[in-house]
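Notes for the one structure printed next.
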There are 2 protein chains.
Amino acid sequence: MTSHDNDAFKPIATVDLAIFSLSPAGLSVLLVRRANAPFSGDWALPGGWIHIDEDADLEAAARRVLKEKTGVETPYLEQLQTTGGRSRDPRGWSISIVYIALLSADDVADRQDGLAGEAEWRPIEGEGAGLSLAFDHAVLLKEALGRIRSKVEYSSLPGHLLPVHFTLSELQSVYETLLGRKLDKSAFRKRVAEADFLEPVEGEMRRASNRPAQMFRLKDAQSLALFDRRI
Amino acid sequence: MTSHDNDAFKPIATVDLAIFSLSPAGLSVLLVRRANAPFSGDWALPGGWIHIDEDADLEAAARRVLKEKTGVETPYLEQLQTTGGRSRDPRGWSISIVYIALLSADDVADRQDGLAGEAEWRPIEGEGAGLSLAFDHAVLLKEALGRIRSKVEYSSLPGHLLPVHFTLSELQSVYETLLGRKLDKSAFRKRVAEADFLEPVEGEMRRASNRPAQMFRLKDAQSLALFDRRI
DNA sequence: AAGCCTTAGTGTAAATCTTCAACTAAGTTA
DNA sequence: TAACTTAGTTGAAGATTTACACTAAGGCTT
């Protein structure tokens, strides 16, 4: 770097999280109500400043914020993008490192009574474009939704919205909800087998259906398997 | 954000660029020799602090650094990821927003004589893992290479390593170089037609080959077309 | 000027992949 | 015990992809 670089400043830097879960009606996103200015009282994606005293790195910061807001420690977490500029925060030039986190309905249920009006799971309607949020969080949310909808078509991402153990029918249902269309059962199972991202849970069947269904879990709870061909 | 957030600090923040071009031998990456500590004298990816007085946003910062180092104003630019932590820079907790830029051989040729030992195009050998660079730039470079190698399989990314006008054979050659294998000509042309990311340059044929070849250009120099099925 | 050569561009049959309807299986419910 | 519902599997038909072989268009050599 040239000596000229030394007069560059340090921007405001936060991590922000688009935290999603799935209900039968579709995706919901966790929103929090801002307590402090700017945008006091407005809904926003959860986030926070990086704590240099306790955060070893960005992912640690994201996971700390995630746990604070949801109580969940190690759900699927993916960096979406970093946005930054002089116009997004009245306090000054700011950067936001944005993550996507995926929680299961079980994760959400465990936390529901702790929200008390300062946070809520907001169902996503349509493309998710109608929301008004603090900062540029509505844009970030839209980007996150685009990423999710895209990755549903070619990866195992939907598996991360299910509890640790699930049936193939439950997984297919998640894909169908996110894709917005029905999938053929045998074609779906063929594709899942080909992508090889599940393993059966030995000896565990779910008897909720009329025929007991084999339970499965993701082989890796922190990564995605990619399909050779888009659904 | 809670009041607790207010004692978070502002980290060192830079943009860093993995700038690639292609020669017949394969990819090369632009490295610069650091003039100042830390890592003075070491090779690094080009980068720099964000200039709040002139950079409206992160992409503007990245493009400013890119133009400084290469003279090229609007090549393909894609945000790779943001890395950050307390251990990557001796000066303190730091963040780097990392971009990939793709230049054509023409872009590189225009600038070759300006490098004068403080910068060089370093050919990528093998997986690109053997390099020792300042900071964690070797890791970032490896991530960037992984991204490129992945996107070659399912997108129009290789088109961005060519001059504005090129032939289908030239494009195929780029794919083959990056994939490391030969492709069937008719299958390749069929796939390219299907993906619909090129347009013929009216009336322009390249006579370098024995049969004049139709010239093409990318429909959009700043985005990628994605394939339905991996190559 | 003609023939040869090399590369560009295209056609199509064979091979492969995907879809999806229909079947069998395993339980629960009535 | 039969009926019903869901899980799991099979295989034929249809769709897609591959890749060889062909035609075309020029430049080069004789």
Side-chain angles (χ1 to χ4, degrees), chain A residues 24 152-156 158-159 162-163 165-177 179-218 225-231, chain B residues 24 152-156 158-159 162-163 165-177 179-218 225-231:
Chain A
V152 169
E153 294 186 336
Y154 67 85
S155 82
S156 58
L162 285 166
H165 295 170
F166 51 85
T167 69
L168 285 179
S169 296
E170 287 163 352
L171 181 64
Q172 177 174 342
S173 178
V174 177
Y175 273 92
E176 290 175 336
T177 301
L179 288 167
R181 57 184 162 89
K182 292 294 275 180
L183 299 175
D184 177 83
K185 177 177 52 177
S186 76
F188 178 78
R189 284 163 185 254
K190 190 173 181 18
R191 180 185 290 274
V192 164
E194 173 69 22
D196 195 29
F197 60 92
L198 301 178
E199 59 193 10
V201 184
E202 294 305 320
E204 191 172 331
M205 311 285 284
R206 182 190 298 280
R207 287 178 161 65
S209 59
N210 287 61
R211 172 172 167 168
Q214 175 65 53
M215 303 297 290
F216 292 85
R217 69 176 157 232
L218 296 171
L226 303 180
F227 302 157
D228 288 336
R229 186 171 195 270
R230 200 184 296 184
I231 293 185
Chain B
V152 168
E153 293 186 335
Y154 67 85
S155 82
S156 57
L162 286 165
H165 295 168
F166 51 84
T167 68
L168 284 179
S169 296
E170 287 163 352
L171 180 64
Q172 177 175 341
S173 178
V174 178
Y175 273 90
E176 288 175 336
T177 300
L179 288 167
R181 57 183 162 87
K182 293 293 276 180
L183 299 173
D184 177 85
K185 176 177 53 177
S186 79
F188 177 77
R189 284 166 185 250
K190 190 169 180 20
R191 178 186 289 273
V192 165
E194 173 68 23
D196 194 29
F197 60 91
L198 301 179
E199 59 194 10
V201 184
E202 293 306 318
E204 192 172 330
M205 310 285 283
R206 183 191 296 279
R207 287 173 162 68
S209 62
N210 288 62
R211 173 170 165 169
Q214 174 66 52
M215 302 298 287
F216 289 86
R217 71 177 155 230
L218 295 170
L226 304 178
F227 302 158
D228 287 336
R229 185 171 194 270
R230 198 182 298 183
I231 291 184

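Every heavy atom of this structure was used, including side-chain atoms; hydrogens, water molecules and symmetry mates were not. Chain letters run A, B, ... following the sequence lines, proteins first and then strands; every chain starts at 1. Small disclaimer: the values here were computed from a predicted structure and weren't measured.
Residue A:Thr167 is out of contact with every strand shown, counting any heavy-atom pair closer than 4.0 Å.
Rounded to whole angstrom, the span from the CZ atom of B:Arg191 across to the C1' atom of D:dT18 amounts to 11 Å. Between the CG atom of B:Leu168 and the C1' atom of D:dA24 there is a distance of 16 Å, given to the nearest Å. Distance, B:Leu183 CG to D:dC20 C1': 16 Å, rounded to whole Å. B:Phe188 has its CZ atom 18 Å from the P atom of D:dC20, to the nearest Å. Atom CZ of A:Arg230 is separated from atom C1' of C:dC17 by 18 Å (rounded to the nearest Å). Atom pair A:Asp184:CG and C:dC17:P shows a separation of 19 Å (rounding to whole Å applied). In this structure, A:Met215 places its CE atom 16 Å from C1' of D:dG8, rounding to the nearest Å. Rounded to an integer number of Å, the gap from B:Gln172 CD to C:dA8 P is 9 Å.
In terms of position along DNA chain C, the nucleotide closest to B:Glu170 lies nearer the 5' end than the nucleotide closest to the other residue of the pair B:Arg229 and B:Glu170.
Taking CG of A:Leu198 as the reference point, atom OG of A:Ser156 lies at 8.0 Å (rounded to 0.5 Å). Rounded to the nearest 0.5 Å, atoms CD (A:Glu153) and CG (B:Asp228) are 8.5 Å apart.
When ring centroids are compared, A:Phe166 and A:Phe216 stay outside the 6.0 Å threshold.
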Protein-nucleic acid N or O pairs under 3.5 Å, nucleotides 9-15 of chain D:
{"residue": "D:dT10", "atom": "O4", "partner": "A:Ser186", "partner atom": "OG", "Å": "3.3"}

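Contacts between residues 204-214 of chain A and DNA chain D, defined by a heavy-atom separation under 4.0 Å, are made by A:Ser209, A:Asn210, A:Arg211, A:Pro212, A:Ala213, A:Gln214.
Taking the six-membered ring where the residue is Trp, A:Phe188 and A:Tyr175 present perpendicular rings, their angle passing 60° and hence far from 30°.
Side-chain atoms of B:Ser169 and B:Arg189, non-hydrogen and from C-beta on, do get closer than 4.5 Å to each other. With contacts defined as side-chain heavy-atom distances shorter than 4.5 Å, the pair A:Arg230/B:Leu226 qualifies. Here the side chains of A:Glu204 and A:His165 are in contact, with some heavy-atom distance below 4.5 Å.
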Show the numbers, then the answer: is there a side chain to side chain contact (heavy atoms under 4.5 Å, CB included) between A:Ile231 and A:Arg181? CA-CA 11 Å; A:Ile231 293 185; A:Arg181 57 184 162 89; 3.7 Å; yes
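Among residues at least two apart or in separate chains, side-chain hydrogen bond (donor to acceptor under 3.5 Å, both in side chains) pairs with a member in residues 194-203 of chain A are A:Asp196-A:Lys219, A:Glu199-A:Arg217.
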